[in-house]
Amino acid sequence: MPELPEVETVRAWLAPALIGSTLRRVEFRREDLRYPIPVAAVHGHVGQRVTAVRRRAKYLLFDTHDDVSNGTSALLVHLGMSGRCWLEPNPQDPPAWKKHEHWRMWWMQRDTPQLLRYEDARRFGALDVVPDEAAHRLLVTLGHEPFDPAFSGAWLHRSTRRRTTAIKTFLMDAKRVVGVGNIYASEACWRAGVHPLKPAGKVGRVAANRLVQAVRDVLQEAIAAGGSTLKDFVGGDANPGYFQQRLDVYARGGQACHRCEPDGEADDADAPAFPISRSVLLGRATYYCPVCQK
DNA sequence: CCGACAACCTGTGAGC
DNA sequence: TGCTCACAGGTTGTCG
């Protein structure tokens with residue numbers, strides 16, 4: 001489930017609860033997610049207080065401060081493909097561990113206990129400690145944040161020259177720009193009218209500008225939509241439907257292009273004149289309109 | 001350096 | 001009902 005908007009949504013939900021809280025206890029069910037969890041180092045954060053809850057790329061960062069040593073550190077949480085991280089609404093009477101729930105963190109906010117739970121069926125996620133953000137191996141390689149002015153049409157145009165890789169693949173490369181996952185990469189290409197399989201080096205200045213704007217717009221709109229269904233996602237077991245109903249191409253293979261055939265209306269309309277195509281790029285489903293995306 | 005691909009792991013839904 | 005297969009929103013590592 002998590003692309004950047006989902007992670008940002010979780011961050012916004014956790015921040016007010018965790019900021020100012022002190023870590024009291026950590027429990028593990030499994031110590032091997034994508035990487036081995038440095039269990040001792042995580043336990044070492046007990047007693048520390050959260051000063052900020054941030055997002056970098058798709059990583060959540062809980063900044064912590066140790067009043068005793070006056071040192072600062074951070075806990076890093078990644079949701080991978082199937083991860084969820086949420087505050088238990090009923091910490092006084094905590095439910096049994098879910099099948100793929102791997103760790104729990106108990107926090108104290110003034111006199112109020114809080115329970116942070118984490119589940120991840122596929123275990124592509126991660127939990128790590130970050131004593132020095134500038135040196136952390138998962139963070140040092142990351143490219144621009146999409147809302148950073150450094151991610152601009154000029155930059156995109158400049159950094160794609162002579163690149164033969166598909167523009168969609170380039171946009172999904174976190175060493176270049178972070179937070180653009182498979183869904184939003186397809187969506188941004190459609191909005192910009194750029195064919196996702198087009199060699200990155202052949203994207204012109206005008207199209208590069210449109211792509212950058214499209215990436216920002218689609219992420220921003222998805223964040224806004226995520227906020228509106230936040231409770232369903234964080235509080236209970238409800239499946240986040242978020243932005244699904246607003247997608248123009250993703251998972252819409254064979255259905256009418258919203259631009260070429262706006263009155264193609266319902267997704268169950270038969271035989272649209274301008275159907276969305278699906279192809280596979282680097283093993284990932286890629287959706288586009290072959291007519292209006294050049 | 002670049003680009004293509006396999007790998008990590010489990011769940012779900014479609015088709016038979 | 002039960003089996004098999006394709007596929008799933010991320011990221012790293014390796015190989016040519």
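Lettering of chains follows the sequences in order, A, B, ..., and the numbering in each one begins at 1. All values derive from a computational prediction rather than experimental measurement.
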query: So which nucleotide from C:dG10, C:dT12, C:dG9 ends up closest to the side chain of A:Lys58?
result: C:dG10
message: Within the 4.0 Å heavy-atom criterion, would you say A:Arg162 contacts the bases, only the backbone, or no part of the nucleic acid?
response: nothing
message: Measuring to OP1 and OP2 of B:dG3, would you say a side-chain N or O of A:Thr164 lies under 4.0 angstrom away?
response: yes
query: Whole-Å distance between B:dG11 C1' and A:Glu119 CD?
result: 12 Å
task: Using only side-chain N and O atoms of A:His78, determine if any of them is under 4.0 Å from OP1 or OP2 of C:dT11.
output: yes
message: Can you measure A:Asp173 atom CG to C:dT11 atom P for me and round it to whole angstrom units?
response: 11 Å
message: Does a side-chain N or O of A:His100 approach OP1 or OP2 of B:dG11 to a distance below 4.0 Å, or not?
response: yes
- prompt: When all nucleic acid strands are considered with a 4.0 Å heavy-atom cut-off, which category describes A:Phe170: base, sugar-phosphate, or nothing?
  reply: nothing
query: Should the heavy atoms of other residues, nucleotides or ligands under 6.0 Å from CZ of A:Arg110 be counted, would the total exceed 12?
result: no
- prompt: Do we count A:Phe124 as stacking onto B:dC8 if the rule is ring centres under 5.5 Å and planes under 30°?
  reply: yes
task: May I ask you to say what A:Thr169 touches in the nucleic acid, namely base, sugar-phosphate or nothing, with a heavy-atom cut-off under 4.0 Å?
output: nothing
message: Nearest heavy atom decides the nucleotide; on that basis, is A:Leu282 or A:Arg176 closer to the 5' end of DNA chain B?
response: A:Arg176
message: Starting the side chain at C-beta, find the nucleotide from C:dG9, C:dG13, B:dG3 nearest to A:Arg163.
response: B:dG3
- line: With the side chain defined as heavy atoms from C-beta on, A:Asn182 is closest, among C:dG9, B:dC9, B:dA4, to C:dG9
message: Classify the ring geometry of A:His78 against A:Tyr59: parallel below 30°, tilted from 30° to 60°, perpendicular beyond 60°.
response: tilted
query: With sugar-phosphate meaning primed atoms plus P, OP1 and OP2, does A:Lys175 contact a base, only sugar-phosphate, or nothing at under 4.0 Å between heavy atoms?
result: nothing
message: Taking atom types as they are modelled, would you say the side chain of A:Arg122 forms a donor-acceptor pair with the base of B:dC9 within the 3.5 Å cutoff?
response: yes
- prompt: For residues A:Trp97 and A:Glu119, is any side-chain donor paired with an opposing acceptor at under 3.5 Å?
  reply: no
Between P of B:dC9 and CG of A:Leu79, the distance in whole Å: 19 Å
statement: Atom CZ of A:Arg161 and atom P of B:dC2 are separated, to the nearest Å, by 14 Å
query: Roughly, in whole Å, what's the span from CZ in A:Arg278 to P in C:dA6?
result: 12 Å
message: Looking at A:Arg284 and C:dA8, is any side-chain donor or acceptor paired with a base atom of the opposite kind under 3.5 Å?
response: no
- prompt: Can you tell me how far P of C:dG9 sits from CZ of A:Arg123, to the nearest Å?
  reply: 20 Å
query: Pick the nucleotide of DNA chain C nearest each of A:Ala285 and A:Leu142; which residue has the one closer to the 5' end?
result: A:Ala285
- request: Could you give the distance separating C:dT14 and B:dC9 at their P atoms, to the nearest angstrom?
  value: 16 Å
message: Counting only side-chain heavy atoms from C-beta out, which of B:dC2, C:dT11, C:dG9 sits nearest to A:Ile183?
response: C:dG9
query: Considering every strand shown, what is the Watson-Crick or G-U wobble mate of B:dC9 when both distances are under 3.5 Å?
result: none
task: Give a yes or no on this: more than 12 heavy atoms of other residues, nucleotides or ligands lie within 6.0 Å of atom CZ of A:Arg162.
output: no
- prompt: Any Lys/Arg nitrogen of A:Arg246 or A:Glu187 sitting under 4.0 Å from an Asp/Glu carboxylate oxygen of the other?
  reply: no
message: Less than 4.0 angstrom from a charged side-chain N to a carboxylate O is my criterion; do A:Arg117 and A:Glu101 meet it?
response: yes
message: What is the separation between atom OH on A:Tyr250 and atom P on C:dG10, rounded to the nearest whole Å?
response: 8 Å
message: Can you tell me which nucleotide in C:dT11, B:dG11, C:dA8 comes closest to the side chain of A:Ala121?
response: B:dG11
message: Suppose you measure atom P in B:dA6 against the same atom in C:dA6; what distance do you get, rounded to whole Å?
response: 14 Å
- prompt: Rounded to whole angstroms, how far apart are CG on A:Asp128 and C1' on C:dT12?
  reply: 15 Å
task: Would you check if the side chain of A:Arg176 reaches a backbone N or O of A:Met172 as a donor-acceptor pair within less than 3.5 Å?
output: no
task: Taking only the side-chain nitrogens and oxygens of A:Arg34, find out if one of them lies under 4.0 Å from OP1 or OP2 of B:dA7.
output: no
